[in-house]
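Right, one structure below, let's go through it.
Sequence lines set the chain letters: A, B, ... in the order given, protein chains first and strands last, and positions in each chain run from 1.
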Amino acid sequence: MVSTEKRISTSQMFALIFILGMSLKMMMLPVLLLKAAGRDSVIALTVILLSELVCLVAIVAAVVLSPGLSFPELLRGFAGKWTSKIVCMLFSLFFVFKLVLLSGEVRIFFSENLFDDFHWGAYALPFFALITVFGMGTARALGRTAQFLLPFIFIATVLMLVLIGGGVDFTEVLPFGEFGVRNTLSETVRYAMWYGDYSALIVFLGSVKRSKFTVSASIVSGAVASAVVLFFTLGLTASFSNVCNVIRFGQNVTGMSHYALGNVMEGRFDLLMFCVWMISVFVKAGIFSYTSVYFFRSAVPLKAPAVSLALGVILYFVSMLTPSATGLHTFMMNVFAVPALVLQFLIPAFMLTVALAGRKKQFKRDDRKYSVADSDKGDGDETQP
Amino acid sequence: MQRVQDIIDSFQMPDTVFRRDFTVGKTPAAMLFHPDFTDPFILRSVLRACSEARKVCDAESLLKEILVVSEAETGDEKDAAERVLDGDAVIFVEGVAGCIAVNARKWDKRAVAEPPTETVVRGPREGFIEDFKTNVTLVEKRLRSKKLVVEKLKVGRESNTAVAVLYLGGIADAELVKEVVSRIKKLDIDAINDSHYLVPCLENRPNSLFPQVGTAEKPDAVAAKLLEGRVAVIVDGSPIVLTVPFLLIENFHSGEDYYERSSFATFLRILRLIAVALAVFLPGLYVADLTYHYEVVPLKLLITILNALKGIPLPPMWEILFILLFFEIIREASIRMPKSVGTAMSIVGALVLGDTAVKAGIISSPGVMIIALSSIALYAVPALVGTTSLLRILFTVVGGLGGLYGLIIAGTVLVHYLATLDSMGTPSLAPFAPLITDDLKDGIVRSPLFSLDTRPQSIGSPNKRRLRWSQPKKG
Amino acid sequence: MKRSHKIMLYKLSCLLFALVLMFLPHRGQPYSDIRVLATVLGVDGGEGNVSVSAQLAVPVAQNGDGKASTVARATGGSLPEALENLEIGLGRRIDYGHLSTVAIGEGALIDDIYNYMSYLLSSGKMGPGAFLVYCSKSQAGDFIEEAQQMGESSDAELANFISYSKRANHVATTTALKFLQTLNSSSHAATMPCVQLEDEDEKSNSGSGEQSGQSGGGQGGSQQQDEQSSSGSSGQSGQSGGGENKKKKLVAVDAVAAFGGDIKAATILDELTTRGVVWQDPNSDFGLVELRDVLIDGEEVPSVSARLTGKKVSRSAKIENGENVLSYKIKIKLRLDDSRICGNPLFYDKWKNALEEEFGSVVQSNLMRSVEVSKEMNLDFLGIRESFRKYCRKGYDNFELSSVVVNTDISVTIQT
């Protein structure tokens with residue numbers, strides 16, 4: 001009756017990974033890469049997705065191998081109290097900036113696709129109210145929310161795939177290689193802040209109810225999300241490869257579906273589908289918010305609602321100070337490219353390391369417990385006639 | 001007897017209770033009873049039986065030898081006043097400790113009939129009434145099992161209302177039962193007039209828009225819920241029985257689903273879901289599209305709607321809210337108004353809103369159509385009418401102010417809120433989130449009855465299996 | 001945090017959300033008016049003197065007498081200015097969400113067209129899927145006005161017309177994105193279908209009564225089905241503008257205008273070349289095709305028409321013996337319109353193969369004609385160079401349009 005299960009299940013993990021793997025990357029990254037690298041944006045994105053999958057494998061391994069303790073707890077045992085606090089603050093800050101970026105992407109999308117006059121000052125409020133609410137919640141609530149909304153997101157994604165698939169001439173993606181390998185890879189690095197979202201799964205370390213399908217489901221989820229992003233990027237590149245200067249930042253997928261639909265007399269059904277898909281972006285924002293609050297509270301023990309509210313208010317004012325989309329993009333590319341890239345690989349590696357260390361510690365503790373029990377038993381045996 | 005007099009004097013108005021002195025053999029005795037609650041024939045037969053007795057040693061022998069055919073039991077003198085108020089006739093014998101309470105209750109009650117809010121085309125039509133004993137009997141009649149436990153409580157300092165907590169031992173989780181009983185016992189209130197008074201103490205979030213305690217007006221529904229491992233609460237004076245835990249999806253279930261073929265039942269459930277979604281989201285979507293997102297609407301439809309909106313003084317959001325307000329007023333008035341004027345006033349309301357206001361150009365016909373469709377769709381799930389009425393107003397405002405952006409954010413926050421809601425520890429969004437695949441057999445889809453062989457895992461019953469059946473071989 | 005504080009926080013958040021949004025969007029406020037919808041936009045002139053015209057769907061009160069559809073015009077020094085003047089002239093905002101067709105007036109230069117399209121696409125006024133048409137014999141404004149007067153419904157007749165043409169006829173249509181994409185490709189050329197208005201007494205020059213060997217490619221859906229010409233060619237609308245003395249006909253998509261290369265203005269391709277362009281367009285896979293005066297088994301058949309039910313076009317570019325070779329492989333499926341031919345016992349023995357060969361040779365000749373014209377004009381409207389860029393790097397590096405060898409492999413199957 002009384003459910004004491006506070007962990008998330010494998011299917012909830014599947015949903016979270018799918019959302020994390022897809023949302024932010026599909027919004028702006030394809031357009032940015034297209035404008036920067038032309039047709040080779042597909043190659044750049046493939047490299048990005050592969051690197052993310054490698055990180056995902058490490059994260060899933062950490063989740064499966066962890067001894068049931070959270071990351072801050074494991075880190076404390078591994079590196080000490082103060083190191084753990086510093087690391088947690090660092091991670092919290094990282095995800096705060098991820099949130100700022102995501103809010104910027106949301107701003108661009110809605111201002112360019114759905115609203116003629118869009119005053120971000122007011123529309124930011126519901127967005128930051130949403131992240132405040134999510135930040136106050138629990139991992140279990142996050143998992144359930146993602147799980148419940150996944151079918152809607154999935155159906156919207158499939159419908160958009162169908163809409164776009166039929167109307168785009170994919171041969172326009174060719175030829176590759178015009179931008180050059182070196183340039184393509186450097187662009188991959190510059191946009192590091194836009195990917196590496198699987199790192200947010202760090203908050204679920206020790207909170208996943210493991211089953212025999214956990215590993216396979218997680219990898220499949222990541223692979224499917226990556227395939228979806230790649231498909232959309234292919235479509236976008238095929239549609240706009242020669243006219244990158246014309247495409248607006250906010251157009252991304254909607255530009256493709258708009259094109260594929262052709263006749264707008266029947267209404268922009270694709271926009272409705274994309275709005276349903278946008279739920280995944282908001283859930284992702286919630287995950288980032290929860291992660292930031294979680295790590296902050298690990299470093300500074302305060303009540304979740306207070307931290308969450310403070311985060312929402314601070315982010316609101318930070319987003320007000322951001323002058324424009326390009327300003328934000330430039331900031332993220334110039335300042336955060338390298339740190340984001342480092343953290344993208346560091347976090348999974350860190351997770352795996354502390355998980356393995358914690359697991360080893362636990363085995364030692366168990367061994368000691370059993371050996372004590374055995375020795376007690378042995379004493380007893382000696383007294384037996 | 002002084003103790004009898006003391007009991008009479010404890011009443012604010014001593015004349016409330018009647019005293020009849022008689023003898024049992026040669027021993028003086030007295031009977032206390034409330035004249036409004038008791039049956040004079042039972043009283044007469046009890047008095048006669050007692051008077052004919054020759055000798056009595058104690059209450060037990062009086063009970064066993066004289067009052068054999070009566071529904072009687074011995075009791076403590078401290079409870080005598082309560083018993084009298086319950087409709088018992090309480091007998092005191094001089095020199096004998098304690099008292100004997102004889103059930104002499106007789107008060108008017110209505111006949112068992114089909115409840116107005118849970119009508120079915122097929123299936124049983126018995127419904128609960130206000131009488132406590134009848135209600136308990138209706139359930140006991142359906143579950144003639146030794147496992148059925150009826151735990152009786154008294155709630156309310158002044159009302160002393162009888163409350164029964166029903167569950168099937170070994171099927172309902174012991175922790176759940178304990179929790180329900182303790183919450184009810186903790187309630188310190190003057191009186192409870194209806195079962196809904198107990199709802200706040202059984203809910204974790206009593207201020208929530210969404211119900212976390214189920215209600216049932218039919219004994220077959222309650223029996224089915226008890227068999228799933230739930231706990232039912234019957235309150236004297238209320239025809240509505242409470243059941244916990246309660247899942248959100250149960251709002252879309254009807255007892256009739258189990259008396260129809262599974263495919264049709266599934267179709268009906270899906271229809272209800274669509275109806276509620278339409279009721280809640282359609283006005284908001286309409287307002288959002290016509291205020292901000294013309295491009296989403298097909299051109300021909302858009303022009304038709306815009307032609308209808310031309311000349312309307314209010315923007316779409318305010319117009320829809322205006323129409324909503326009038327619809328809600330009409331709805332409320334139609335429930336309250338006397339039947340004799342109901343029909344006439346309904347026609348006036350419909351003509352005024354549906355025809356005259358549109359012709360006058362105050363509101364548009366698409367707006368009326370949208371709200372009418374939404375209002376009708378609301379009643380596909382009567383249990384959620386209150387919730388969905390409020391939600392649709394909220395989504396209309398959100399759609400009008402924030403467009404599709406606002407609708408998506410509001411929808412996401414709503415789902416997150418529901419994900420945090422639980423009913424006695426069971427997540428409200430079960431079996432969808434958390435996903436419990438076994439329970440999906442009776443979620444949106446209603447699988448064939450014989451495939452519902454396990455109890456819902458979300459309830460946490462210790463006894464998982466409820467059916468064993470193998471399909472007969474063909475031929 | 002205490003429970004009561006939490007609840008208060010939630011309530012405050014909701015109130016804040018509602019309050020702030022309430023002050024924000026002007027659309028929710030009483031004074032905002034319904035926007036008009038632009039369904040067709042016409043652009044004339046060049047930089048410095050741009051003229052725009054738009055077919056607008058204007059909401060009409062249910063008991064009102066206002067016109068449901070109107071054409072508004074404005075001019076300006078640039079396209080943005082002209083569009084702004086359009087709104088100022090109307091006194092209300094224009095919603096471009098349903099803009100489905102953009103018409104370019106006669107004489108527009110490619111640089112101007114490119115700038116217009118880029119502006120319209122990047123500003124979001126025009127979607128990438130909007131149709132582009134070229135008014136080969138009039139200004140776009142005049143054309144739109146005449147076309148609007150011919151229609152009776154309030155929505156965009158021209159847009160319906162074009163989209164019908166795309167769906168139901170074997171014609172060339174192009175979208176804004178496709179146009180810009182091909183113009184910006186290495187071929188530096190793109191095509192746009194032509195539309196024009198003709199007086200009723202002018203003869204249609206779109207190929208009725210052709211000789212054998214030439215396919216009457218179904219062209220231009222007519223606005224009224226019962227007035228469709230028997231040849232299935234040259235879509236002609238028989239509906240004249242209400243109240244007009246001089247009757248006009250809408251003739252659409254029977255020719256294409258090619259842009260690019262060294263020529264700044266449009267080059268109108270002739271009928272046969274147009275057909276060649278259409279045959280190699282994989283998006284045009286439906287419509288009526290026809291043979292006239294066909295000699296089959298010694299007998300002259302005046303007309304054999306068939307419906308295109310499927311077309312697959314593939315290209316391959318390679319170097320053979322030091323030459324750039326482009327190979328077209330076109331598979332066409334036809335269904336004969338006249339079942340009497342299929343019902344004839346000789347059909348399967350003799351006629352089917354002959355007809356298939358005849359159709360195939362016509363397609364080939366049309367296609368080769370368009371290749372020749374492309375080479376003559378040095379205008380790569382078939383996208384040959386781009387094919388080499390996509391599929392054959394070496395071929396692209398040493399590319400000369402005039403020296404490209406084009407092979408065709410046409411297979412026609414008549415389904416019964």
Contact winner vs chain B - A:L150, A:I279, A:T145, heavy-atom pairs under 4.5 Å: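 With the most close heavy-atom pairs to chain B, the winner is A:T145.
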
Are there more than 12 heavy atoms of other residues, nucleotides or ligands under 6.0 Å from atom [atom1] of [X]?
| X | atom1 | value |
| --- | --- | --- |
| B:K441 | NZ | yes |
| A:F154 | CZ | no |
| B:K464 | NZ | yes |

For the residue pair [X] and [Y], establish whether any side-chain heavy-atom pair is separated by less than 4.5 Å.
| X | Y | value |
| --- | --- | --- |
| A:W277 | B:I408 | no |
| A:L130 | B:T412 | yes |
| A:V133 | B:H416 | yes |
| B:L418 | A:F148 | no |

Classify the angle between the aromatic ring planes of B:Y405 and A:F282 as parallel (below 30°), tilted (30 to 60°) or perpendicular (above 60°).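 B:Y405 and A:F282: perpendicular rings.
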
Is it the backbone or the side chain of A:S11 that comes under 4.5 Å from a heavy atom of chain B, or both, or neither?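 Contact with chain B is through the side chain of A:S11 alone.
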
Heavy-atom pair count under 4.5 Å with chain A, highest-scoring of B:L285, B:T420, B:L404: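 With the most close heavy-atom pairs to chain A, the winner is B:L404.
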
Please round to the nearest 0.5 Å and tell me the distance separating atom CZ of A:R144 and atom CG of B:D422.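 One gets 7.5 Å once the value is rounded to the nearest 0.5 Å.
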
Just verifying a value: how many Å separate B:E295 CD and A:L271 CG, rounded to the nearest 0.5 Å?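 Reported to 0.5 Å precision, the distance equals 6.0 Å.
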
Can you name the closest pair of heavy atoms from B:A419 and A:A141 and give their distance?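 Taking every non-hydrogen atom into account, CB-O, 3.7 Å.
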
